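Everything numeric here is computed off the predicted structure, so don't read it as measured data.
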Amino acid sequence: MPMLEKPKKISNQSVKSSNGSIFFTKKFAYLYLSDGIKFSGIVPPWQTGSFVGEVVFNTGMTGYVESLTDPSYSNQILVFTYPMIGNYGVDLASVESEKIQVSGVVVSSAAMSWSHTKADSSFLDWLKSQKIPIVMDVDTRAVTKHLRTSGSMMGAISDVQIDTSTLKPVVNIPEDFKPKIYNANQQKTIILVDCGSKENILQSLLKLPARIKKVPAGYDFTKDEYDGVLLSNGPGDPTDYKPTIENVKKALAIGKPIFGICLGSQILGLAAGAKTYKLLFGHRGHNQPCMDDLTEKCYITSQNHSYAIDEKTLPAGWRVSFRNLNDNSVEGIAHKTKPYFSVQFHPEASPGPTDTGWMFEKFYESIST
């Protein structure tokens with residue numbers, strides 16, 4: 001169990017960037033975990049109160065803008081294991097959704113000086129503009145070691161003492177929206193079921209010669225004309241997406257190609273009759289090794305998920321297509337004879353390696369034959 005050092009009392013200690021854009025006096029606070037452990041840090045003076053979420057960690061060395069705007073992080077407090085975050089500022093062209101999705105940020109060090117030709121603002125100014133809490137100067141190595149042992153858990157960033165027994169998970173399925181059409185003049189139609197999709201999934205699909213119809217998670221796409229279905233990533237427990245699961249069951253009976261990514265892989269597994277379970281601390285980062293079960297070729301992948309498919313529950317006719325080489329968990333499933341396949345990792349990357357970007361072309365080939 002990590003030891004907590006009592007913070008020293010320091011008055012009027014300020015932090016200022018070299019370009020003068022950030023200036024504030026240190027204000028002490030804590031990252032509280034639901035098991036009673038707490039870690040000391042500092043917060044900006046404009047940040048007041050308590051901010052709750054599931055505490056998870058990400059091992060990526062870059063890509064903090066993409067990670068923080070990934071809808072799969074909704075209702076989570078993200079701990080970055082890399083020791084400095086914010087050194088290249090914020091490029092708003094690289095966001096994965098319309099806003100920062102996390103409930104809070106935990107870092108060892110937030111860069112006060114930042115520099116990049118494409119940067120629009122500093123990291124801290126960006127968080128402040130969207131009222132996203134951050135706690136800095138935290139021993140993130142100790143936090144990560146604790147989560148790896150005890151598992152991801154609820155927590156809070158707070159400048160006041162809180163009762164950790166009151167921290168409860170929040171269920172948040174993305175809201176409905178009207179279906180949107182892209183590449184309207186193309187002949188083949190792909191349904192993108194948006195359960196909290198990253199922007200780069202759509203951008204990857206738009207590179208294909210196909211009409212893209214993006215629909216909300218609960219939309220019954222089986223009533224539409226389509227050639228293939230892509231089930232996107234998203235936040236939370238896949239078993240909470242009951243209408244989506246029922247729609248995918250109907251789609252399996254129709255027989256047209258289905259491609260699932262991350263949460264979409266779990267939903268495909270549930271629709272097929274398998275079960276899912278929650279991993280101890282999940283997989284988050286862009287350095288996860290996965291092996292193709294048929295070719296035994298290894299790929300380095302980008303990942304962000306808490307749940308996995310239970311291999312023992314896969315029904316007849318289905319197989320494991322990819323495995324995580326760190327813990328041997330299921331990283332992809334495929335039907336043995338029908339055009340249904342999914343991966344737990346992110347072939348669209350952003351951030352992360354593009355080693356598996358070819359999967360979008362594989363999906364298109366399946367709807368073209």
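Under a 3.5 Å cut-off, the side chain of Gln266 and the backbone N or O of Thr276 do not form any donor-acceptor pair. A donor-acceptor contact shorter than 3.5 Å links the side chain of Ser232 to the backbone of Cys195. Lys242 places a side-chain N or O within donor-acceptor distance of the main-chain N or O of Thr239, the cut-off being under 3.5 Å. When atom types are taken as modelled, the side chain of Tyr340 and the backbone of Leu252 share a donor-acceptor pair closer than 3.5 angstrom. With hydrogens and angles ignored, the 3.5 Å screen pairs no side-chain donor or acceptor of Ser204 with any backbone N or O of Glu348. Checked by atom type and distance alone, the side chain of Asn233 pairs as donor or acceptor with a backbone atom of Gly196 at under 3.5 Å. In this structure a side-chain-to-backbone donor-acceptor pair under 3.5 Å is missing from Ser74 to Pro71. Ser97 contributes a side-chain N or O that, together with a main-chain N or O of Thr69, makes up a donor-acceptor pair within less than 3.5 Å. Using a distance-only test at 3.5 Å, with no hydrogens or angles considered, a donor-acceptor pair links the side chain of Ser302 to the main chain of Pro351. At distances below 3.5 Å, at least one donor-acceptor pair connects side-chain atoms of Thr149 with backbone N or O atoms of Lys145.
Under a hydrophobic clustering in which Ile, Leu, Val, Met, Phe, Trp and Tyr are joined whenever their side-chain heavy atoms come within less than 4.5 Å, directly or via other members, Met136 and Val65 fall into the same cluster. Neither Ile191 nor Ile181 shares a network with the other; the hydrophobic side chains, linked directly or stepwise wherever heavy atoms of I, L, V, M, F, W or Y lie under 4.5 Å apart, form separate groups for each.
Closest of all the heavy-atom pairs between Gly228 and Phe363 is C-CZ, 3.9 Å. Heavy atoms only, all atoms of each residue included: Arg284 and Phe57 are closest at CB-O, 3.2 Å. Looking at every heavy atom in both residues, Gly86 comes nearest to Trp114 through O-CB, 3.4 Å. Closest heavy-atom contact between Cys290 and Glu331: SG-CG, 3.5 Å. In plain terms, the two heavy atoms of Ser306 and Gln76 that are nearest each other are OG-NE2, 3.9 Å. Scanning all heavy atoms of the two residues, the minimum distance from Ser265 to Ile333 falls at O-CD1, 4.3 Å.
Taking CD1 of Ile190 as the start and CD1 of Ile212 as the end, the distance is 4.0 Å to the nearest 0.5 Å. A distance of 11.0 Å separates CG of Leu192 from CZ of Phe259, quoted to the nearest 0.5 Å.
A donor-acceptor contact under 3.5 angstrom links the side chains of Asp35 and His146, judged on distance only. For the residue pair Gln47 / Asp159, no side-chain donor-acceptor distance below 3.5 Å is found, with atom types taken as modelled. In the model, Glu96 has a side-chain atom that pairs as donor or acceptor with a side-chain atom of Ser350 under 3.5 Å. Remark: the His283 side chain and the Asp327 side chain contain an N/O donor-acceptor pair separated by less than 3.5 Å.
In this structure, the side chains of Asp194 and Phe177 come closer than 4.5 Å at one or more pairs of heavy atoms. Contact annotation: the side chain of Asp227 never approaches that of Gln187 to less than 4.5 Å [non-hydrogen atoms, C-beta and beyond]. Residues Leu68 and Trp126 have side chains in contact (heavy-atom distance under 4.5 Å, counting atoms from C-beta outward). Put simply, the side chain of Pro353 reaches to within 4.5 Å of the side chain of His286, judged on heavy atoms.
Of the candidates Val105, Ile157, Ile77, Val105 is the only one forming a side chain to side chain contact (heavy atoms under 4.5 Å, CB included) with Ile134. Screening Asn324, Thr301, Thr59 for a side chain to side chain donor-acceptor pair (under 3.5 Å) with Gln288, the sole residue that qualifies is Asn324.
Cation-pi geometry between Lys362 and Phe341 is met: the NZ or CZ atom falls under 6.0 Å from the ring centre, inside 45° of the normal. In this structure, Lys207 is not positioned above the aromatic face of Phe360 in the sense of NZ or CZ being under 6.0 Å from the six-membered ring centre and within 45° of the axis.
Through chains of ILVMFWY side-chain contacts below 4.5 Å, Leu325 is grouped with Met291.
In this structure, Met153 places its CE atom where more than 12 heavy-atom neighbours from other residues, nucleotides or ligands lie under 6.0 Å away. More than 12 heavy atoms of other residues, nucleotides or ligands sit less than 6.0 Å from atom NZ of Lys256.
Applying the side-chain hydrogen bond (donor to acceptor under 3.5 Å, both in side chains) rule to pairs touching residues 243-254 yields Asp220-Lys250, Glu246-Lys249, sequence neighbours excluded.
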Practice prompt. Evaluate the criterion side-chain hydrogen bond (donor to acceptor under 3.5 Å, both in side chains) for residue pair Ser67 and Asn304; output intermediate values, then yes/no.
Written response: CA-CA 9 Å; Ser67 294; Asn304 176 18; over 6 Å; no
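Checked for salt-bridge contact, Asp293 and Arg319 miss the test: no charged N lies under 4.0 Å from a carboxylate O.
Ring centroid separation for the pair Tyr64 and Tyr82 does not come in under the 6.0 Å cut-off.
Checked against side chain to side chain donor-acceptor pair (under 3.5 Å), Asp310 has the following partners two or more places apart in sequence or in another chain: Lys312.
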